[in-house]
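Taking it in order: structure first as structure tokens, then the write-up.
Each chain gets a letter, A, B and so on, in the order its sequence line appears, and its residues count up from 1.
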2 protein chains.
Amino acid sequence: MTSFPEAFESFALKILSPDLSDAAHLRFQALARQVALEKDRSLDFDGNSSQLIFVGQGATKLVAHASEARDQIVAFHFGGEVFSVPEQDNYSYSVCALRDCSLLTFPADDFLDLAASEAGILRHLLDNTTGSLRRCREKTIALGRKTAAERVAVFLLAMSERIGMEQDGTVLLELPMSRRDIAESLGLTIETVSRQLSLLREAGVIETTGRSGIVLREMEMLKARAGYLRDAA
Amino acid sequence: MTSFPEAFESFALKILSPDLSDAAHLRFQALARQVALEKDRSLDFDGNSSQLIFVGQGATKLVAHASEARDQIVAFHFGGEVFSVPEQDNYSYSVCALRDCSLLTFPADDFLDLAASEAGILRHLLDNTTGSLRRCREKTIALGRKTAAERVAVFLLAMSERIGMEQDGTVLLELPMSRRDIAESLGLTIETVSRQLSLLREAGVIETTGRSGIVLREMEMLKARAGYLRDAA
DNA sequence: CGCTTTTTTGAATCTGATCAAGACAGGTGG
DNA sequence: CCACCTGTCTTGATCAGATTCAAAAAAGCG
């Protein structure tokens with residue numbers, strides 16, 4: 001387990017301005033709570049305050065609880081990313097570890113008060129939030145207008161961008177999430193996800209090894225199945 | 001039509017710091033492009049740059065084009081709001097007026113460069129973006145896990161919060177968007193939206209007057225149909 | 001190697017989409 | 001001011017894709 005100062009330093013390096021005064025640096029550090037979250041463990045919040053989460057190491061899912069047995073995964077976040085957990089509104093949210101994680105959490109209000117005059121930090125947060133918004137919008141489009149086949153293709157392409165290892169034309173994926181997680185992220189059932197992966201396998205677009213390994217063998221075919229605009233990137 | 005300086009002032013009042021120097025103020029003004037967008041007209045962008053939009057007056061929809069005849073409305077925005085239009089990635093985006101609009105547009109990169117050392121402005125943008133993200137996440141949950149009936153209820157409740165007029169227990173809505181818009185926002189078809197509204201009408205939960213008027217007569221029943229957590233706000 | 005859990009596959013069901021008319025609103029021109 | 005016309009909305013019948021229910025197969029663990 002990384003020690004607290006060490007974990008905080010990796011955060012400071014990424015997010016805080018390098019020219020921040022030592023005093024301010026310490027105030028941020030005082031605000032941070034370090035959490036070592038084991039795989040499949042989740043972090044619940046009191047619900048009255050929004051939280052800022054920095055993922056030092058590991059992989060997490062942000063889950064919204066729509067009602068009993070109806071969860072929607074709002075986003076996946078990997079090492080080095082910062083994201084915000086909304087305070088409870090119509091839904092309650094929790095953060096769950098896909099694999100062992102080292103996290104820093106901050107109450108968002110306090111953090112923003114501290115950063116009120118630190119344009120660099122705010123800019124960083126803004127960029128991060130804009131990125132989350134862009135991904136969330138893409139997810140909205142997928143959930144609103146795409147078929148099961150297209151959603152699975154979109155998911156694989158998005159994962160290949162974020163955690164894929166390229167290897168002469170093919171991409172290797174080591175998915176940290178289960179079929180259930182994929183289904184809950186795509187607004188589908190486990191069975192449908194499994195069937196769509198089987199179809200891709202039969203079509204020679206992907207290969208699967210075990211539960212978590214996937215080789216994207218035909219990236220062009222996969223893109224064609226994602227239902228994107230023909231002339232888009 | 002409001003004149004350009006006037007439109008810009010209403011923006012400056014809302015977004016820019018009151019203590020911003022006149023020189024900086026003018027630089028922001030130089031960056032702004034005013035657009036008077038008539039109802040049903042849309043603004044397309046070159047796609048290579050993200051835009052910041054300030055809605056002075058009117059109501060807009062942010063539309064993503066997934067493929068021919070498959071549009072998804074990502075968000076509605078009303079007077080006084082600021083939002084960002086992503087650069088074209090896998091989809092192309094456009095902004096369309098639901099009623100006559102007066103907008104200011106800024107290239108996001110340039111705007112952020114100008115605001116680089118203005119913590120107040122950045123904070124404002126961050127709050128706005130965080131709000132957009134929160135709404136987008138709620139939409140994700142609705143599209144991923146809710147039935148048609150629940151989605152329509154959620155839509156009506158969200159609209160009542162944003163543009164509803166309360167009147168002794170009931171809420172009056174004057175919807176600026178068509179059934180098609182509602183459908184494209186909820187990931188449903190026009191017919192399904194219409195059917196769900198008819199069901200609500202038959203159940204006495206709402207009344208409709210003409211194409212655009214809706215009276216929310218039984219807010220509690222509507223909330224119960226939205227599929228929220230029982231104990232949530 | 002045997003046990004548990006996850007994943008895959010199959011059959012039936014159901015929700016929402018599609019196809020097809022009809023009703024209505026609201027604008028236009030007589 | 002009213003009749004007409006156009007586009008929007010509503011309603012109905014059928015269809016398809018995804019869910020649900022059920023069971024077999026595979027993966028990963030001790």
Exercise answer: donor-acceptor pairs, residues 202-216 of chain A side-chain atoms, under 3.5 Å, sequence neighbours excluded:
| unit_1 | atom_1 | unit_2 | atom_2 | d |
| --- | --- | --- | --- | --- |
| A:Glu207 | OE2 | A:Arg217 | NE | 2.3 |
| A:Glu207 | OE2 | A:Arg217 | NH2 | 3.3 |
| A:Thr208 | OG1 | A:Arg201 | NE | 3.1 |
| A:Ser212 | OG | A:Glu174 | OE2 | 2.7 |

#### Entry: Partner residues of B:Thr189 under the side-chain hydrogen bond (donor to acceptor under 3.5 Å, both in side chains) criterion, sequence neighbours left out
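If we apply the side-chain hydrogen bond (donor to acceptor under 3.5 Å, both in side chains) test to B:Thr189, skipping adjacent residues, the hits are B:Thr192.
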### Message
If the condition is side-chain hydrogen bond (donor to acceptor under 3.5 Å, both in side chains), which residues does A:Asp127 pass it with, not counting sequence neighbours?
### Response
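Result, side-chain hydrogen bond (donor to acceptor under 3.5 Å, both in side chains) vs A:Asp127: A:Arg123.
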### Query
Residues two or more places apart in sequence or in another chain: which of them pass ring-ring contact (aromatic ring centres under 6.0 Å, His included) with A:Phe155?
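A:Phe155 satisfies ring-ring contact (aromatic ring centres under 6.0 Å, His included) with no residue once adjacent residues are dropped.
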#### Entry: Pairs satisfying side chain to side chain donor-acceptor pair (under 3.5 Å), at least one member in residues 153-169 of chain A, at least two apart
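Matches after skipping sequence neighbours: A:Glu81-A:Arg162.
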### Query
If you look only at pairs with a residue in residues 176-186 of chain B, which of them pass as a side chain to side chain donor-acceptor pair (under 3.5 Å), with sequence neighbours excluded?
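Non-adjacent pairs meeting side chain to side chain donor-acceptor pair (under 3.5 Å): B:Lys61-B:Asp181, B:Lys139-B:Ser185, B:Ser178-B:Asp181.
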### Query
Quick one, which residues of residues 136-154 of chain A touch DNA chain C with a heavy atom under 4.0 Å?
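The stretch gives none, as no residue of it lies under 4.0 Å from the strand.
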### Task
Sequence neighbours left out, what pairs pass ring-ring contact (aromatic ring centres under 6.0 Å, His included) with at least one residue falling in residues 32-76 of chain B?
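Found B:Phe11-B:Phe54.
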### Query
Quick one: ring-ring contact (aromatic ring centres under 6.0 Å, His included) pairs with a partner in residues 176-196 of chain B, sequence neighbours left out?
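Those involving residues 176-196 of chain B do not exist here.
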### Query
What is the per-nucleotide protein-contact pattern of nucleotides 5-11 of chain D, from the 5' end, where B denotes a base atom under 4.0 Å from a protein heavy atom, S denotes such proximity for sugar-phosphate atoms only, and - denotes neither?
--BBSBB
### Message
Taking any atom closer than 4.0 angstrom to a non-hydrogen atom of chain A, what span of DNA chain C does the protein reach, first nucleotide to last?
### Response
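So the contact region on DNA chain C extends C:dT5 to C:dA11.
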### End axis versus end axis in the helix from C:dC1-D:dG30 to C:dA21-D:dT10, the angle rounded to 10°, five pairs used at each terminus
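If I round to tens, the end axes sit 40° apart.
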